[in-house]
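The structure appears below as structure tokens.
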Amino acid sequence: MAVANPKAAVNLTRGEIVTGLVLAGLVVAAWLVVHIGAIFFVDWSQPGLWIVAPLVIALQTWLSVGLFIVAHDSMHGSLYPADERINAWIGRICVALYAGFSYSRLYGSHHEHHRYAGTDRDPDFDANHPTAFWPWYMKFFRTYFGWREFGVLTVVVLVYMLLLWQRWPNILLFWALPAILSSFQLFYFGTFLPHRQGEPPFTDQHRSRSNDFPWLLSLLTCFHFGYHHEHHERPWVPWWKLPAFRDSLTSKRPAAV
């Protein structure tokens, strides 16, 4: 595995690194609390709890997106740039919790995406369907979810079923469903919208565009990953700094005449 991007160490202060680690810890901790609580400790057959269940599923979907975005920052070396091994282990834990993914495989594919964004050599791009959501999503899904991931999740589900007995549907509702929904969310806001061909046209080699969502909506949709052109401009900028980085670029542009 390649060494974490050395520019991350240059561009992030000690305080910013601490902030990033604290936010990553909060995302992981919140995901674990909801996961363990909803699956193992809440009896969803109790009257009235069905009203809360969709909110819990929505929250866990969003936190699952967060898990992947934290791992994504580790792939760019911006979580703990002083030690590549610790940085990588944070990413490994996040993608393992998310869906049993291989961090090394994701790492390689993601850096190929940055190197060849929007071309037929980009593993995240579908050159045959550059504007069609479903064919592109299915290619995206097949690229990252293979037999290894299927085997890992099958073992975990079997263990959970042995532990939970009759409450095994909790696994489907509060782990499998949020993971699937978050994959749609990540793909739509973090890959499809930024890299689909069409209007407005791409202006540089990044072949990416950003949305114009306000701060809160940007956070809720994809942890600011929708500010995607800015991400391709400076991949080592952590997710929580992307709004400020976007604002700094906007302020430097010449005023329209």
Side-chain angles (χ1 to χ4, degrees), residues 23-73 90-101 103 106 133-134 136-138 140-146 149-194 211 213-226 239-240:
L23 290 173
L26 289 174
V27 170
V28 174
W31 188 93
L32 287 171
V33 167
V34 176
H35 178 83
I36 295 171
I39 292 178
F40 287 94
F41 291 104
V42 177
D43 183 1
W44 295 99
S45 65
Q46 294 298 314
L49 282 183
W50 63 270
I51 299 176
V52 182
L55 298 177
V56 175
I57 292 169
L59 174 60
Q60 194 67 335
T61 298
W62 182 70
L63 290 171
S64 296
V65 172
L67 274 183
F68 195 89
I69 296 301
V70 170
H72 163 268
D73 276 359
I90 297 172
R92 286 192 182 97
I93 291 169
C94 288
V95 295
L97 290 173
Y98 178 66
F101 285 127
Y103 178 80
L106 289 175
F133 177 87
W134 286 109
W136 189 345
Y137 172 79
M138 293 309 299
F140 181 83
F141 186 85
R142 290 193 303 269
T143 297
Y144 292 105
F145 193 84
E149 289 72 26
F150 179 79
V152 170
L153 294 185
T154 298
V155 171
V156 173
V157 168
L158 289 175
V159 171
Y160 272 30
M161 287 179 66
L162 290 174
L163 294 173
L164 291 171
W165 293 95
Q166 74 275 13
R167 295 173 63 191
W168 64 266
N170 291 6
I171 306 168
L172 300 179
L173 284 176
F174 301 106
W175 186 27
L177 182 57
I180 293 170
L181 292 176
S182 67
S183 75
F184 285 116
Q185 190 170 340
L186 280 163
F187 174 75
Y188 184 73
F189 292 106
T191 298
F192 180 72
L193 289 183
N211 63 52
F213 295 162
W215 186 91
L216 181 58
L217 186 58
S218 174
L219 175 65
L220 292 176
T221 51
C222 207
F223 283 76
H224 304 308
F225 203 50
W239 66 266
W240 56 274

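The chain is numbered in sequence order, starting from 1.
The shortest distance between side-chain heavy atoms of S182 and Y98 falls below 4.5 Å. Proximity of F192 to F140: side-chain heavy atoms (C-beta onward) are nowhere separated by under 4.5 Å. The side-chain heavy atoms of F141 and F187, taken from C-beta on, include no pair separated by under 4.5 Å.
Heavy atoms only, all atoms of each residue included: A71 and G91 are closest at CB-O, 3.8 Å. Closest heavy-atom contact between V56 and V34: CG1-CG1, 3.8 Å. In this structure, L172 and P178 approach most closely via the heavy-atom pair O-CD, 4.4 Å.
To the nearest 0.5 angstrom, F68 atom CZ is 9.5 Å from C222 atom SG. Between the CG atom in L49 and the CG atom in D43 there is a gap of 7.5 Å [rounded to 0.5 Å]. To the nearest 0.5 Å, atom OH of residue Y137 and atom OG of residue S183 are 2.5 Å apart. Interatomic distance, L177 CG to T61 OG1, rounded to the nearest 0.5 Å: 6.0 Å. Rounding to the nearest 0.5 angstrom, the gap separating the CG atom in L186 from the CG atom in L181 is 11.0 Å. The distance from the CD atom of Q60 to the CG atom of L67 is 7.5 Å, given to the nearest 0.5 Å.
Between W215 and H224, the ring-plane angle classifies as tilted under the 30° and 60° cut-offs. Aromatic ring pairs are classed by plane angle as parallel below 30°, tilted from 30° to 60° and perpendicular above 60°; the pair F174 and W44 is parallel. Taking the six-membered ring where the residue is Trp, H72 and F225 present perpendicular rings, their angle passing 60° and hence far from 30°.
Checked against ring-ring contact (aromatic ring centres under 6.0 Å, His included), F223 has the following partners two or more places apart in sequence or in another chain: W62, W239. Judged as a ring-ring contact (aromatic ring centres under 6.0 Å, His included), and not counting sequence neighbours, W240 has no contacts.
Two rings, from F184 and Y188, have their centers 6.0 Å or more apart.
When atom types are taken as modelled, the side chain of S218 and the backbone of P214 share no donor-acceptor pair closer than 3.5 angstrom.
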Show me the side-chain donor-acceptor pairs of residues 25-32 shorter than 3.5 Å, one per line, residues at least two apart or across chains.
residue : atom : partner : partner atom : Å
W31     : NE1  : S64     : OG           : 3.1

